[in-house]
Amino acid sequence: MDGVDKQPSATTRQRARLGRSIIQSQLVTSGVVLLVSWIVVIVQPASMQNPLFFGGIALVFAVTGAALLVPWSQKNKRWAILLPLLDIVALGSLRASEPQLGTGILLVFPVIWLARNFAYAGAVGGVLLSTAVIWITRTLNPTDLEIGDFPSLVLIPITLAFVATTSYVSGQRTASQRVLLTQQAAIIEDAFARARRQENLLHEVLNAVEFGVISFDSTGTVTLINDAQRLSLASFNAPRNAIVHPVAFQTDRITPYPQDSRPFARAIRGQAFDNLTFWVGEPGSRQVAYSVTSRRLETPDGLDDGGVLVMRDVTAELEAISARDSLIGSVSHELRTPLTSILGYLELAMDDPDLDEETRHMIEVSYRNAERLVALVTDLLLAASQASSTLPVALESCDISELIEQAIDGQLPAASERGISIDVSLVPHLTAQADPLRMRQVVDNLLSNAIKYNREGGKIKVRMRRRDREVAISISDTGLGIAPADLAQLFDRFFRTESAKSSKTVGTGLGLGITRDIIRQHGGDLSVTSELGTGSTFTITFPTEVPAELSAPGSA
Ligand code: ADP
């Protein structure tokens with residue numbers, strides 16, 4: 001990682017800081033010494049002749065030169081200690097040569113620097129050395145001690161000790177604050193690097209995926225459009241600054257969505273929705289279908305943070321479904337004509353009084369199977385045209401108990417073939433408003449499933465009851481049962497459970513969907529409870545009185 005390698009190490013940073021502080025301290029010391037030497041040149045030029053005085057000044061400037069020229073960031077910290085020590089010696093020399101100038105107080109600069117940079121040892125060492133220098137330089141003076149020496153011999157060391165202590169304490173505090181700041185800076189740097197990595201990852205992922213993504217903030221301003229969305233816009237020659245396709249068509253591929261009910265407009269208004277389909281591309285030219293989902297985003301404190309739209313190209317899926325439906329539609333339509341003719345001729349043959357028993361039985365079996373085939377083909381046609389949910393029902397007063405009885409009669413041969421018994425003891429006499437043909441289709445479908453998916457020698461129980469203004473018919477079996485995960489898809493067209501597919505039962509997966517559509521057309525519903533391996537109960541409920549919208553003229 002280049003960026004990381006280029007960062008200076010902690011030791012280098014520490015040395016550079018030390019170098020800066022040496023220079024600062026040294027510049028102040030040499031500045032004051034320069035001032036003192038000017039004053040001496042003006043007031044008492046003879047002092048410059050004194051080698052001790054001149055040597056002291058020269059040493060201070062030499063130390064300053066070293067502070068400026070030595071690359072401290074590459075040197076061990078121990079070398080830096082030489083500079084304040086030499087300063088102390090130089091200042092001692094100035095004091096010894098011209099005690100009345102009071103240059104001893106300048107010792108405060110190297111002492112401060114030592115206390116700040118070499119902690120306890122620096123503070124104590126600096127004060128002791130300075131005191132020693134002050135006392136030694138006084139002993140060099142042959143005159144006797146007098147009261148006037150008191151300030152320099154006692155007060156300056158005390159002042160130095162006080163300054164050293166304060167500098168040491170404040171240096172320690174600054175150091176611990178610096179450590180804390182460095183740690184916090186490292187944490188922030190780390191968090192920032194992580195956020196950058198996640199942002200990069202998200203950016204790459206969003207641009208690598210094949211679905212379009214648009215996100216916008218709470219004011220509706222677009223904050224992101226990924227590559228897939230840009231490509232899609234470009235392939236339909238949308239204007240350069242467009243965010244969504246200028247025109248979106250509804251599922252009929254011809255009618256444009258009104259501007260304010262387009263998915264993007266709805267999402268901006270704060271709506272969340274799933275899998276809304278729209279088409280882009282002018283009718284008659286290349287068209288592409290998108291399934292779009294909108295989600296709201298929230299800030300960590302729960303405030304509105306705009307939203308995101310995700311668009312998936314579902315053209316191939318929709319075209320496959322439409323091709324499948326048209327194939328099924330045309331095949332089943334072609335099958336119905338010969339089947340109707342077969343049924344007609346079988347009926348004629350059964351009417352022949354001279355038929356022997358065996359032949360009659362064979363023709364009856366053929367007739368029942370042909371009838372079943374017609375029912376299957378009819379289901380296929382209905383499902384392919386999706387007409388079952390819109391087919392009107394012709395409601396009339398119907399004897400539902402009789403209708404159930406007839407349905408059971410029709411299914412008895414299939415049930416007895418597999419040794420299945422049907423219990424109808426809980427079917428009281430009841431009349432209700434219903435379309436007799438369609439309601440018979442409902443009961444037939446549920447009964448035939450209860451037989452098909454039952455075990456050999458199993459049981460079926462049919463119950464009917466009226467509660468308030470509602471009829472409930474339930475058909476329970478002791479068969480395969482349905483896994484909980486399959487229940488949600490049970491009414492989807494062409495869905496069959498794995499156990500049904502692996503059993504030898506023939507089916508299309510259309511019956512239950514059609515059954516539910518019919519019962520909904522009656523203002524009711526179909527529900528199921530089931531336990532895998534134990535059995536299932538399918539229950540239809542519908543009102544005994546005709547809902548106003550279903551009894552309207554024309555619906556019959
Ligand atoms: P088909 O019976 O032609 O496959 P249906 O729409 O009637 O189609 O049923 C769909 C699927 O639901 C069946 O394939 C089967 O997997 C499951 N199913 C329906 N009724 C029952 C039942 N009584 N017991 C177990 N599974 C059932």
Side-chain angles (χ1 to χ4, degrees), residues 321 324-325 328-329 331-332 335 339 368-389 391 404 407-408 410-412 414-415 417-424 438-463 472-521 525-540:
I321 290 172
R324 181 195 68 188
D325 286 352
I328 292 172
V331 169
S332 44
L335 283 174
L339 269 175
R368 269 207 310 278
N369 282 306
E371 258 190 335
R372 207 178 131 54
L373 261 179
V374 171
L376 275 176
V377 167
T378 310
D379 276 359
L380 275 171
L381 261 177
L382 265 180
S385 64
Q386 288 191 318
S388 62
S389 54
L391 218 64
I404 293 176
I408 292 174
Q411 307 266 353
L412 267 182
E417 238 173 62
R418 305 191 56 219
I420 294 168
S421 63
I422 304 179
D423 176 358
V424 283
R438 313 284 277 145
M439 193 53 84
R440 170 73 191 269
Q441 197 180 347
V442 166
V443 180
D444 273 344
N445 265 342
L446 296 181
L447 260 182
S448 76
N449 278 354
I451 297 168
K452 271 198 307 189
Y453 302 114
N454 216 324
R455 58 180 162 79
E456 296 286 321
K459 288 191 175 66
I460 293 174
K461 189 171 251 173
V462 185
R463 291 190 193 84
I473 303 171
S474 60
I475 298 177
S476 311
D477 62 63
T478 53
L480 298 174
I482 301 153
D486 288 339
L487 285 174
Q489 305 172 66
L490 208 61
F491 302 106
D492 289 354
R493 293 195 303 153
F494 301 105
F495 176 78
R496 302 198 74 212
T497 61
E498 282 310 316
S499 46
K501 280 193 260 182
S502 53
S503 73
K504 290 197 182 91
T505 52
V506 184
T508 55
L510 294 171
L512 283 181
I514 292 171
T515 304
R516 190 176 63 172
D517 285 343
I518 295 174
I519 207 71
R520 283 186 171 170
Q521 291 291 93
D525 214 344
L526 166 63
S527 62
V528 56
T529 55
S530 184
E531 201 174 320
L532 200 61
T534 308
S536 318
T537 298
F538 284 82
T539 306
I540 51 168

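In each ligand, atom 1 is the first atom listed, and ligand 1 is the first ligand listed.
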Location of contacts on Phe538 toward ligand 1, heavy atoms closer than 4.0 Å
side chain

Can you tell me which residue and heavy atom of the protein come closest to atom 4 (O) of ligand 1, and the distance to 0.1 Å?
Arg496 NE, 2.7 Å

Contact check: Leu512 vs ligand 1, nitrogen or oxygen atoms, below 3.5 angstrom:
yes

Rounded to the nearest 0.5 Å, how far does CD1 of Ile475 lie from CD1 of Ile404?
7.0 Å

Hey, is Leu510 touching ligand 1 through its side chain, its backbone, both or neither, going by heavy atoms under 4.0 Å?
backbone

Check whether any heavy atom of Leu490 sits under 4.0 Å from an atom of ligand 1.
yes

What is the nearest protein non-hydrogen atom to atom 23 (N) of ligand 1, stated with its residue, atom name and distance?
Asp477 OD2, 2.9 Å

Return the residue, atom name and 0.1 Å-rounded distance of the protein heavy atom closest to atom 21 (C) of ligand 1.
Tyr453 CD1, 3.4 Å

Atom 10 (C) of ligand 1: the protein heavy-atom neighbour that sits closest, reported with distance to 0.1 Å
Phe495 O, 3.4 Å

Answer with yes or no whether Phe491 contacts ligand 1, where contact means a heavy atom under 4.0 Å from a ligand atom.
no

Do other residues, nucleotides or ligands put more than 12 heavy atoms under 6.0 Å from Lys461 NZ?
no

Heavy-atom nearest neighbour in the protein, as seen from atom 7 (O) of ligand 1, with distance rounded to 0.1 Å
Asn449 ND2, 2.8 Å

At a 4.0 Å threshold, what atoms of ligand 1 neighbour a non-hydrogen atom of Ala500?
14 (O), 15 (C), 16 (O)

Is any side-chain heavy atom of Leu480 closer than 4.5 Å to one of Asn454?
no

Search all heavy atoms of Ala500 against all heavy atoms of Thr505 and return the closest pair with its distance.
O-OG1, 3.4 Å

So, Gln411 side chain and Asp444 main chain: donor-acceptor pair closer than 3.5 Å or not?
yes

Any heavy atom of Ile482 under 4.0 Å from ligand 1? The part involved is side chain

Any Thr515 side-chain heavy atom under 4.5 Å of Phe538 side chain
no

Between Asp477 and Ser536, is there a donor-acceptor pair closer than 3.5 Å when you use the side chain of the first and the backbone of the second?
yes

Quick one: do Arg368 and Glu371 make a salt bridge, cutoff under 4.0 Å?
no

In terms of its nearest heavy atom to atom 3 (O) of ligand 1, the top option of Asp492, Ile514, Thr508 is Thr508

For atom CD of Gln489, is the number of surrounding heavy atoms from other residues, nucleotides or ligands below 6.0 Å larger than 12?
yes

If you measure from each heavy atom of Lys501 to ligand 1, is any distance below 4.0 Å?
no

Taking 4.0 angstrom as the limit and counting only heavy atoms of Lys452, give me the atoms of ligand 1 inside it, by number and element.
1 (P), 2 (O), 3 (O)

Check: Ser530 side chain, Gly535 main-chain N or O, donor-acceptor pair, under 3.5 Å
yes

One finds that the ligand 1 atoms under 4.0 Å from a non-hydrogen atom of Gly507 are 1 (P), 3 (O), 4 (O)

Would you say Glu417 and Ile451 make side-chain contact, with heavy atoms under 4.5 Å?
no

Touching ligand 1 at all, Gly509? Heavy atoms, strictly under 4.0 Å?
yes

Per-atom contacts of ligand 1 with Thr497, taking only distances under 4.0 Å to non-hydrogen atoms
15 (C), 16 (O)

